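What follows is a short report on a single structure.
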Amino acid sequence: MNSRVAFYTPINQNSRKKRSCLHGGSNPKPGEISLSHNGALFLDELPEFDRKVLEVLREPLETGHITISRANRQADFPASFQLIAAMNPCPCGYLGDASGRCRCTSEQVARYRARVSGPLLDRIDMHMEVPRVALEVLRKGAAAGEETSETIRQRVVAAREIAYRRQGKANAGLSAAEVKVICTLSEAGHQLLEQALEKFGLSHRAYHRILKLARTIADLANSKNIEIAHLSEAIGYRKLDRTR
């Protein structure tokens, strides 16, 4: 199947389509998860999706395929995709904004973020805050000297080639056993990662995902080894782990 990008936004809470289109419906057939195979699946307003729908993502994010079981039959579909999701920081959307317009209580923010389960967040490698673009940037454009999309694309392609020459696959596809061999750390790196695991209560799954992300950051820097700076950056991207 050709690579594609599937953009999906939650619709009416009571809609049957909303409950089924990601995972096949009552009569199993490829949904958005499988249609995004070898491509990207973008979910906008992530907490607005039904929680049961979101939990279906856990299997394909881990295995690269999705199994749908119904009363009369069972079907297995390919589902190896890049998940990209967006959500507001709070119900009103202005938490942390310089305007100070947010009036959400800490309890409201906690309930809103709890709509996305810990196990699902655990499978998302990078949690990034994207602040509102300044008016000056809208008027004048990006600052001089800032990397263009084409420059970034070239660096990404080069890093991917490094990974394929080293292990024949992308870093995301490394097994736990392969991570131990390929994503090695110095003693200082091990101490830093272990401290982060204890401080933020991260899982063993997060441990391996951080290492694979750090290996990718090192490849982007054309570094043979995973340095402390690469590991620190990988840990720093898991921001929602600190607010659960």
Side-chain angles (χ1 to χ4, degrees), residues 1-88 91 93 111-128 130 153 156-157 160 163-164 167-176 178-179 203-206 208-209 212-213 216 237-238 240 244:
M1 184 176 293
N2 294 328
S3 298
R4 68 187 294 272
V5 175
F7 182 100
Y8 191 67
T9 303
I11 53 181
N12 187 280
Q13 288 284 346
N14 296 319
S15 169
R16 180 177 300 174
K17 180 181 178 183
K18 177 175 184 290
R19 294 195 301 271
S20 66
C21 70
L22 289 183
H23 57 87
S26 57
N27 181 27
K29 59 183 179 179
E32 290 295 342
I33 287 176
S34 291
L35 294 175
S36 300
H37 182 59
N38 289 334
L41 175 66
F42 181 84
L43 302 182
D44 198 14
E45 299 289 353
L46 188 66
E48 301 302 329
F49 285 86
D50 186 279
R51 189 176 177 120
K52 292 181 180 179
V53 172
L54 293 181
E55 292 305 292
V56 171
L57 291 168
R58 290 164 56 180
E59 178 189 351
L61 285 174
E62 200 72 24
T63 66
H65 65 87
I66 179 73
T67 301
I68 308 298
S69 298
R70 295 293 183 263
N72 298 324
R73 59 173 298 190
Q74 178 174 295
D76 189 271
F77 300 107
S80 179
F81 56 87
Q82 178 74 50
L83 175 65
I84 306 171
M87 61 182 286
N88 287 321
R111 284 198 300 271
Y112 176 75
R113 295 186 177 182
R115 295 177 186 175
V116 182
S117 73
L120 178 56
L121 281 178
D122 213 24
R123 291 166 168 81
I124 300 177
D125 295 344
M126 302 172 67
H127 318 150
M128 301 180 65
V130 182
R153 187 191 72 82
V156 170
V157 169
R160 188 175 180 84
Y164 270 83
Q167 71 246 358
K169 65 175 78 173
N171 294 325
L174 294 173
S175 66
E178 290 170 328
V179 167
S203 68
H204 291 175
R205 180 181 292 107
H208 288 104
R209 286 180 174 268
K212 288 189 280 189
L213 180 56
T216 299
Y237 285 133
R238 299 191 68 93
L240 289 178
R244 293 211 299 257

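Please read all numbers here as calculations on a predicted model, not as lab measurements.
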Query raised in the report: Measuring from Y237:OH to L213:CG, what's the distance to the nearest 0.5 Å?
Result: 7.5 Å
Requested in this report: Could you tell me whether the side chain of Y112 reaches within less than 4.5 Å of the side chain of E48, counting heavy atoms only?
Outcome: yes
Query raised in the report: In terms of side-chain geometry, is the basic nitrogen of R238 or D122 positioned less than 4.0 Å from the acidic oxygen of its partner?
Result: yes
Query - Backbone N/O of Q74 and side chain of S69: donor-acceptor pair under 3.5 Å - result: no
Report task. Look at the side chain of R51 and the backbone N and O of A114, then say whether any donor-acceptor pair between them is shorter than 3.5 Å. Result -> yes
Query raised in the report: Hey, does the side chain of S36 reach the backbone of G39 with a donor-acceptor pair shorter than 3.5 angstrom?
Result: no
**Report entry** From T216 atom OG1 to M126 atom CE, the distance as rounded to the nearest 0.5 Å
**Finding:** 9.5 Å
Requested in this report: Would you sort out whether L54 and S117 count as a side chain to side chain contact (heavy atoms under 4.5 Å, CB included), showing the intermediate values?
Outcome: CA-CA 9 Å; L54 293 181; S117 73; over 6 Å; no
Query raised in the report: Is the shortest heavy-atom distance from the side chain of L240 to the side chain of M87 under 4.5 Å?
Result: yes
Query raised in the report: Salt bridge between R58 and E55, side-chain N to carboxylate O under 4.0 Å?
Result: yes
Report task. In sequence, state the C-alpha distance, the side-chain angles, and the governing distance for L41 and L57, and then conclude on side chain to side chain contact (heavy atoms under 4.5 Å, CB included). Result -> CA-CA 11 Å; L41 175 66; L57 291 168; 4.1 Å; yes
Report summary line: Contacts satisfying side-chain hydrogen bond (donor to acceptor under 3.5 Å, both in side chains) that involve residues 78-88 (not counting sequence neighbours) are none
Query - Nearest-0.5 Å distance, NZ of residue K212 to CZ of residue R209 - result: 5.5 Å
**Report entry** Atom pair OG (S175) and NZ (K169), whose distance is rounded to the nearest 0.5 Å
**Finding:** 6.0 Å
Requested in this report: Mind checking the CG-CG spacing from D125 to N171? Nearest 0.5 Å is all I need.
Outcome: 11.0 Å
**Report entry** pair H65-H37: side-chain heavy atoms closer than 4.5 Å
**Finding:** no
Query raised in the report: Would a 4.5 Å heavy-atom cut-off, applied to side chains only, mark L61 and F81 as touching?
Result: yes
